[in-house]
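Below is one structure, written out as structure tokens, with a few remarks after it.
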Number of protein chains: 2
Amino acid sequence: MLGAVSRDDGSVVRMIDVANAAGVSAMTVSNVINGRPGVSAQTRLRVLATISKLGYQVNLAARHLRAGRTGAVGLIVPDIDRPYYAQLASRLAKGVEERGLHLVVERTGGDAERELEAISFGRLRMYDGVVISPLRVEAADLDQLRFETPVVFIGERPVPETFDHVMMDNVGGARQATRHLLTTGSRRIAIVGGRHDDHVDDMPSLRTRGYRQAHVELGADVDEDLVIEVESFDPASGFQAVKRLHESGIAFDGVFALTDAAATGVLRALADLRLEVPRDVQVIGFDNGKETEFLVPRLSSVEPGNDAMADRVLELLDHRVAAAGDGGDAPDPMTTIVTARLALRESTR
Amino acid sequence: MLGAVSRDDGSVVRMIDVANAAGVSAMTVSNVINGRPGVSAQTRLRVLATISKLGYQVNLAARHLRAGRTGAVGLIVPDIDRPYYAQLASRLAKGVEERGLHLVVERTGGDAERELEAISFGRLRMYDGVVISPLRVEAADLDQLRFETPVVFIGERPVPETFDHVMMDNVGGARQATRHLLTTGSRRIAIVGGRHDDHVDDMPSLRTRGYRQAHVELGADVDEDLVIEVESFDPASGFQAVKRLHESGIAFDGVFALTDAAATGVLRALADLRLEVPRDVQVIGFDNGKETEFLVPRLSSVEPGNDAMADRVLELLDHRVAAAGDGGDAPDPMTTIVTARLALRESTR
DNA sequence: GTGAAAGCGCTAACAC
DNA sequence: GTGTTAGCGCTTTCAC
């Protein structure tokens with residue numbers, strides 16, 4: 001049997017084997033293992049000794065089948081390779097493990113169908129709770145869904161109010177960043193990764209809205225030539241964006257890059273163009289990643305509060321998993337927006 | 001029941017429900033779902049229609065309990081946040097999903113006990129196959145282990161010959177990098193993250209050996225003052241290392257940083273010291289990460305062949321999982337060393 | 001080509 | 001404080 005654990009004699013140690021060896025019933029062994037009350041100290045010790053002597057380990061599949069608990073929390077993300085998701089996964093894994101559970105990471109590749117599939121009935125059943133950061137799924141698709149597994153949504157995609165939702169303050173962070181550039185003398189600020197049409201609720205649109213808001217508030221105009229749409233938000237895109245801007249002869253004295261990764265490419269391109277940062281061009285990124293303070297020049301960035309987001313997600317899961325376990329009333333769904341702040345370094349004045 | 005899937009009337013759709021609705025037995029439904037032969041085309045269609053009408057999904061826990069297959073491959077790594085592991089996870093996830101399985105990522109935090117625990121009998125049973133990248137576990141501890149789940153080890157830790165093992169060419173890559181610096185005129189090459197005592201088989205020691213080998217081959221001496229041990233291999237460590245070197249007044253005209261992340265900090269520190277790269281100091285990293293070609297200056301690096309490693313891991317799993325499934329003979333364990341090559345850019349001459 | 005019986009290893013409910 | 005009974009939903013075996 002694939003995956004089965006066998007001892008030297010080829011047999012598998014089951015709970016009943018432990019029970020027989022210890023001279024008790026399987027139920028008592030189960031009670032000991034799960035720390036349930038009603039077992040005498042003496043019996044408990046004998047059972048524990050037998051367990052370690054036989055090297056017994058619970059069969060999680062059987063427990064899952066019987067008890068409905070899986071011991072796993074699912075994290076469903078577009079991609080586990082990108083720093084934002086990798087860090088989210090790392091933080092959640094830590095928290096989930098402290099609660100005696102495992103984190104299972106599933107990647108969708110940013111595919112709408114696979115996102116929906118991942119939160120389908122059957123797949124959710126594999127988890128005690130699920131955290132999903134959708135990229136494409138529509139609120140309308142989610143509206144139909146009804147399930148008992150606690151689900152927390154994370155990110156900027158709109159989500160029906162019937163779900164817990166944790167989001168970063170994309171608009172506010174972008175607004176602060178842009179305001180800083182404007183108030184320190186930049187007049188023509190390029191937004192790398194921005195959207196001309198910012199009416200969809202995704203990351204680039206929300207950050208573009210903050211950029212526009214700041215302009216309106218400070219009485220500045222947005223030149224649509226400075227709104228540079230890009231495919232992906234990596235260094236290569238940032239690099240290309242600045243190169244294109246320069247080749248088009250469009251003047252600019254500030255850059256708001258929608259991610260630190262893109263900003264890395266922006267800095268590289270400006271160095272190639274012999275433009276000095278921040279004297280000729282100010283640059284600010286978004287994410288406040290670990291690398292920012294070691295770039296040349298050190299990159300100013302928006303700190304989105306990812307730790308706080310992860311903590312909040314864990315809190316929400318706690319509430320809901322506890323309620324589901326007790327059969328208690330499910331708490332009202334909540335939307336949390338974590339505030340962003342600026343981390344200013346050498347790339348801005 | 002937590003995690004249970006319920007329909008509007010609160011009931012759960014089981015295989016037997018599908019069977020009743022389609023007027024067949026559960027066994028026939030099972031045969032249809034698993035694509036087993038011996039079901040007439042007509043019956044098959046009727047069953048499939050009923051399945052989609054009732055929205056039935058197999059209960060994976062029950063299947064797992066009965067069949068012993070889990071549909072999951074485990075990846076056990078010290079940390080999922082670090083780019084090397086994140087990329088490994090991403091690549092493996094893709095490959096595993098192509099095979100109709102899931103990748104479950106577990107992090108150990110680099111703790112020896114937790115690494116051992118993760119490959120214990122009970123935990124392995126959760127997976128059809130396991131990939132583990134240990135950081136601390138000793139070969140002696142592994143020697144005792146005997147299990148039927150296919151396990152592939154990855155990384156530089158020594159592993160008993162009874163296991164499949166995929167490693168990158170740490171020594172060879174470091175040797176090439178150092179040779180390049182030496183043959184292009186550097187005489188005093190600092191190794192950031194190196195080890196004075198390189199007799200343990202871990203990443204820093206192996207790369208240090210390559211560094212020493214290159215020196216021996218080219219008749220150069222290693223000054224132990226240039227071997228800088230660091231705590232972690234992040235930008236901050238690289239930055240500190242160069243600062244300390246400079247403050248001690250130790251001359252150097254080349255830096256081999258054991259990771260690109262450390263090299264990022266090295267470049268930053270050299271910029272602070274107004275040392276020009278590569279004129280005054282040549283710098284080379286290791287990993288050939290995506291960011292390297294956008295740093296200022298563009299970083300030369302050792303390309304370790306991570307894609308090839310991931311492909312090889314998948315290949316090995318394929319063989320072993322297939323053998324375990326068929327009850328066929330297990331293939332002989334193999335050790336694969338993936339060759340490294342240099343990716344030269346602006347930071348070297 | 002299809003179905004009935006048995007049981008995977010565990011735990012909830014209840015009896016003693 | 002401990003044991004007995006039953007059954008979670010599926011698949012293996014074997015009979016028809």
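Throughout, a chain's letter reflects where its sequence line sits, starting with A, and its residues are numbered from 1.
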List every contact pair, protein side and nucleotides 2-4 of chain D side both N or O, where the distance is under 3.5 Å.
unit_1 : atom_1 : unit_2 : atom_2 : d
dT2(D) : OP1    : S40(A) : OG     : 3.3
dT2(D) : OP1    : T43(A) : OG1    : 2.6
dT2(D) : OP2    : S40(A) : N      : 2.8
dT2(D) : OP2    : S40(A) : OG     : 3.4
dT2(D) : OP2    : T43(A) : OG1    : 3.3
dG3(D) : OP2    : S25(A) : N      : 2.8
dG3(D) : OP2    : S25(A) : OG     : 3.3
dG3(D) : OP2    : T28(A) : OG1    : 2.9

Could you list, one pair per line, each protein nitrogen or oxygen that sits under 3.5 Å from a nitrogen or oxygen of nucleotides 14-16 of chain D, together with the distance?
none

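Atom CG in N34(A) sits about 12 Å away from atom C1' in dA12(C), given to the nearest Å. Taking atom CD of Q57(A) as the reference point, atom P of dG9(C) lies 15 Å away to the nearest angstrom.
Sequence neighbours left out, not one pair with a member in residues 32-46 of chain B passes salt bridge (Lys or Arg N to Asp or Glu O under 4.0 Å). Applying the salt bridge (Lys or Arg N to Asp or Glu O under 4.0 Å) test to every pair with at least one member in residues 153-163 of chain B, sequence neighbours left out, gives these pairs: E138(B)-R157(B).
Direction change of the helix axis from one end of the helix from dG1(C)-dC16(D) to dC16(C)-dG1(D) to the other is 30°, with five pairs defining each end axis (rounded to 10°).
Among residues two or more places apart in sequence or in another chain, the salt bridge (Lys or Arg N to Asp or Glu O under 4.0 Å) test is passed with R99(A) by D318(A). For D201(B), the salt bridge (Lys or Arg N to Asp or Glu O under 4.0 Å) partners at least two apart in sequence or on another chain are R209(B). Under the side-chain hydrogen bond (donor to acceptor under 3.5 Å, both in side chains) criterion, S40(B) pairs with T43(B), sequence neighbours left out. In this view, D202(B) and R195(B) satisfy the salt bridge (Lys or Arg N to Asp or Glu O under 4.0 Å) rule, not counting sequence neighbours. In terms of the salt bridge (Lys or Arg N to Asp or Glu O under 4.0 Å) criterion, residue partners of R312(A) (sequence neighbours excluded) are, by chain and number, E315(A). For Q87(A), there are no side-chain hydrogen bond (donor to acceptor under 3.5 Å, both in side chains) partners, not counting sequence neighbours.
In this structure, R107(A) pairs ionically with E97(B), as a charged nitrogen and a carboxylate oxygen lie closer than 4.0 Å.
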May I have the list of side-chain donor-acceptor pairs in residues 15-28 of chain B shorter than 3.5 Å, sequence neighbours left out?
unit_1 : atom_1 : unit_2 : atom_2 : d
D17(B) : OD1    : R14(B) : NH2    : 2.9
D17(B) : OD2    : R14(B) : N      : 2.7
D17(B) : OD2    : R14(B) : NE     : 3.2
N20(B) : ND2    : I16(B) : O      : 3.3
S25(B) : OG     : M27(B) : N      : 3.3
S25(B) : OG     : T28(B) : N      : 3.3
S25(B) : OG     : T28(B) : OG1    : 3.4

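Residue L65(B) places its side chain closer to dC8(C) than to any other of dC8(C), dT11(C), dC10(D). Closest to the side chain of A67(A), out of dC8(D), dC10(C), dT11(C), is dT11(C). Ranking dA12(C), dC10(C), dT11(D) by closeness to the R36(A) side chain, first place goes to dA12(C).
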